[in-house]
**Student:** 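Starting off with a structure, shown below.
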Amino acid sequence: MSLLIKNGEIVTADSRYVADIWCEGEQITRIDQNITAPAGAEVIDAKGKYVFPGFIDPHVHIYLPFMGTFSKDTYETGSKAALVGGTTTLIEMCCPARADDALKSFELWMSQAVGKSACDFTFHMGVTKFDGGTEVQLREIVKRGIASFKIFLAYKGAFGVDDTELYRTLKLAKELGVIVTAHCENETLVAERCKELLAAGKTDPGQHHESRPPAVEAEGVHHLMTFAELTGAATYIVHLSCKEALDQAIAARQRGVRVGVETLIQYLTLDKTYAEKPDFEGAKYVMSPPLRDARNQSVLWNGLRDGLIQTVATDHAPFDFEKQKPMGKADFTKIPNGIPSLEERINLLYTYGVRTGKIDLHTFVNVASTQVAKLFDLFPRKGCIQPGADADLVVFDPDYRGIISAKTQSMNVDYSAFEGWKLEGRASVVTVRGQVAAREGKFTGTLGRGRFLQRKPSHF
Ligand code: URP
Ligand code: ZN
Ligand code: ZN
């Protein structure tokens, strides 16, 4: 298998130049001017296009038993959607229920992906309880190639851990060099506020954000930061949505706490008025933390631009509007949480971030690929364009113009939160380890070819 990408403008986190990229087998082997393809090689003309390193989504849910139902995608549908949208590596949250065994859960999540995924993948290992048995199993899971944990300070009674468990998880992570990713919301405040709202007869989707205002998330971040400071563990706040929470992370960073911050394409582009839409339409936009007041968007864009926020993810968690979201028709606390967006992250980030001048091309690559690879021990195999790296490449057409619609999407869900939105640019050709896996919005790859990415912890 050999592939030549000719005349593209290569853009990485820190460089930009026109050159040809020669890939042999699964890797990039040469970058130069005027490379001639030998007979039999596949040649892609990228003149007038950008060539980016394959994008990595650091926070997705593909297999997710949650709130009494299951998220809709499988690795067959999810990896296709990812590739069509320019994402070549997925980091999924492995989320055991509290009653479940960590190791068995890890094996279950692996079995959903191995032999099915068309793109490469790895997992953040969810720690939803911490006891002696769990600790032994977590050590084994790290030996099997997992270099990050996930904890929830939210979802009381489901995934949420208590403070003793949080402290012990962080101590173990520090010892093993594992980074701990965390959903930061004060679960007690959420539970109490939900009860109050329901008792007052406030049951519609627009109440969701009232149940978990910015202070709830800021307290969650502050809480995690205190524990991180005392244990010395490396941490990463997932789906940060608002200024109040970012302020807490920055303050902690300034006093030496090791913390990375992720925001989501949804928080950068949507706001809480979407969740207030009438006739239950708002349920399409219910996720946690909730969509915020629009004034937070400039804070998040500027945070990306200034390096205060490291990554942009999707927290892809697709639940159908017709059959699943109505579980919460009479009670917003029962609406399955999540806004699907795996397929559109890159095209939206480019259209509404780069094209509008909010972030430059290097920041775009950095937050959607390079920083993710660096934080999660995938670099320089992923996240860059250089000889020796996996030939995961995105030839991106800045002249493409199109409209997002659920009718044409590959994600296995019955709506798009971005229905009718304009796109100005899209992933045109996408390769995974040297094989073309998507072309002009159509999947052309191989299901089952995606590989589990073994990682070694580095956050000692
Ligand atoms: O609303 C969300 N975020 N759904 C997925 C589960 C989680 O908290 O990441
Ligand atoms: Zn979460
Ligand atoms: Zn999530």
Side-chain angles (χ1 to χ4, degrees), residues 57-73 78 82 90-98 109 121-128 148-161 166 180-187 190-191 194 205 207-209 211-212 216-217 220-221 223-224 235-242 245 260-268 270 272 274-275 282-292 311-321 324-325 327-328 332-342 345 372 376 411 413 417:
D57 194 331
H59 182 169
V60 301
H61 302 273
I62 303 293
Y63 175 68
L64 180 64
F66 186 47
M67 298 184 76
T69 185
F70 289 83
S71 60
K72 279 296 303 290
D73 269 314
L90 297 176
I91 312 186
E92 193 191 0
M93 301 293 174
C94 172
C95 296
R98 262 184 90 83
W109 257 260
F121 58 90
T122 177
F123 301 94
H124 301 301
M125 184 62 218
V127 182
T128 48
S148 45
F149 292 159
K150 166 72 185 290
I151 49 145
F152 293 87
L153 304 188
Y155 306 130
K156 209 179 178 92
F159 300 136
V161 289
L166 172 61
V180 179
T181 72
H183 176 138
C184 297
E185 288 182 297
N186 182 305
E187 60 183 6
V190 173
C194 284
Q207 305 304 321
H208 179 70
H209 59 70
S211 72
R212 41 224 307 159
V216 167
E217 188 180 347
V221 172
H223 200 80
L224 178 78
T235 56
Y236 172 94
I237 297 161
V238 301
H239 51 39
L240 183 134
S241 70
C242 60
V261 174
E262 165 195 289
T263 191
L264 304 182
I265 193 65
Q266 296 93 321
Y267 302 137
L268 290 163
L270 302 167
K272 69 179 186 184
Y274 286 83
K284 291 178 178 172
Y285 299 92
V286 166
M287 66 173 302
S288 298
L291 297 177
R292 299 297 188 190
T311 65
V312 176
T314 59
D315 190 9
H316 180 65
F319 296 100
D320 273 344
F321 181 60
Q324 292 177 296
K325 293 280 185 181
M327 291 164 68
F332 72 90
T333 68
K334 296 194 165 61
I335 298 170
N337 283 204
I339 304 179
S341 46
L342 175 57
R345 176 184 64 134
V372 181
F376 297 117
M411 298 181 291
V413 62

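By convention here, the first residue in the shown sequence is residue 1. Whatever order the structure lists them in is the order used to number ligands and atoms, beginning at 1.
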**Student:** With a 4.5 Å limit on heavy-atom distance, are the side chains of Ser211 and Thr333 in contact?
**Tutor:**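 No; the side chains remain at least 4.5 Å from each other.
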
**Student:** Do His316 and Asp73 have side-chain atoms, one donor and one acceptor, less than 3.5 Å apart?
**Tutor:**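 There is such a pair between these side chains.
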
**Student:** Would you say that Thr311 contacts His59 through its side chain, given a criterion of any heavy-atom pair below 4.5 Å between the two side chains?
**Tutor:**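 They are not in contact (no side-chain heavy atoms under 4.5 Å apart), so the answer is no.
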
**Student:** Which class fits the ring pair Tyr155 and Phe152: parallel under 30°, tilted 30 to 60°, perpendicular over 60°?
**Tutor:**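 Plane angle between 30° and 60°, so tilted.
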
**Student:** Please give me the protein atoms (N, O or S only) lying under 2.8 Å from the Zn ion (ligand 3), ordered by chain and number.
**Tutor:**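 Short answer, with waters excluded from the count: His59 NE2, His61 NE2, Asp315 OD1.
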
**Student:** Any side-chain heavy-atom pair from His239 and His183 closer than 4.5 angstrom?
**Tutor:**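 Side-chain contact under 4.5 Å: yes.
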
**Student:** So what's ligand 1 close to, N/O to N/O, under 3.5 Å?
**Tutor:**
| from | atom 1 | to | atom 2 | distance (Å) |
| --- | --- | --- | --- | --- |
| ligand 1 | 1 (O) | Ser288 | N | 2.8 |
| ligand 1 | 3 (N) | Ser288 | O | 2.8 |
| ligand 1 | 3 (N) | Asp315 | OD2 | 2.5 |
| ligand 1 | 4 (N) | Asn337 | O | 3.2 |
| ligand 1 | 8 (O) | Tyr155 | OH | 2.6 |
| ligand 1 | 8 (O) | His183 | ND1 | 3.0 |
| ligand 1 | 9 (O) | His61 | NE2 | 3.1 |
| ligand 1 | 9 (O) | Asp315 | OD1 | 3.1 |
| ligand 1 | 9 (O) | Asp315 | OD2 | 3.2 |

**Student:** A side-chain contact here means heavy atoms from C-beta on lying under 4.5 Å apart; do Cys95 and Phe66 qualify?
**Tutor:**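 No, their side chains stay 4.5 Å or more apart.
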
**Student:** What residues form a salt bridge (Lys or Arg N to Asp or Glu O under 4.0 Å) with Lys325, not counting sequence neighbours?
**Tutor:**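 Not a single residue meets the salt bridge (Lys or Arg N to Asp or Glu O under 4.0 Å) criterion with Lys325.
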
**Student:** Quick one: sort the His208 and Phe332 rings into parallel, tilted or perpendicular, breaks at 30° and 60°.
**Tutor:**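 Because their plane-to-plane angle is over 60°, the rings of His208 and Phe332 count as perpendicular.
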
**Student:** Please identify each residue that fulfils salt bridge (Lys or Arg N to Asp or Glu O under 4.0 Å) with Lys334, with sequence neighbours left out.
**Tutor:**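 Salt bridge (Lys or Arg N to Asp or Glu O under 4.0 Å) list for Lys334, sorted by chain: Asp331.
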
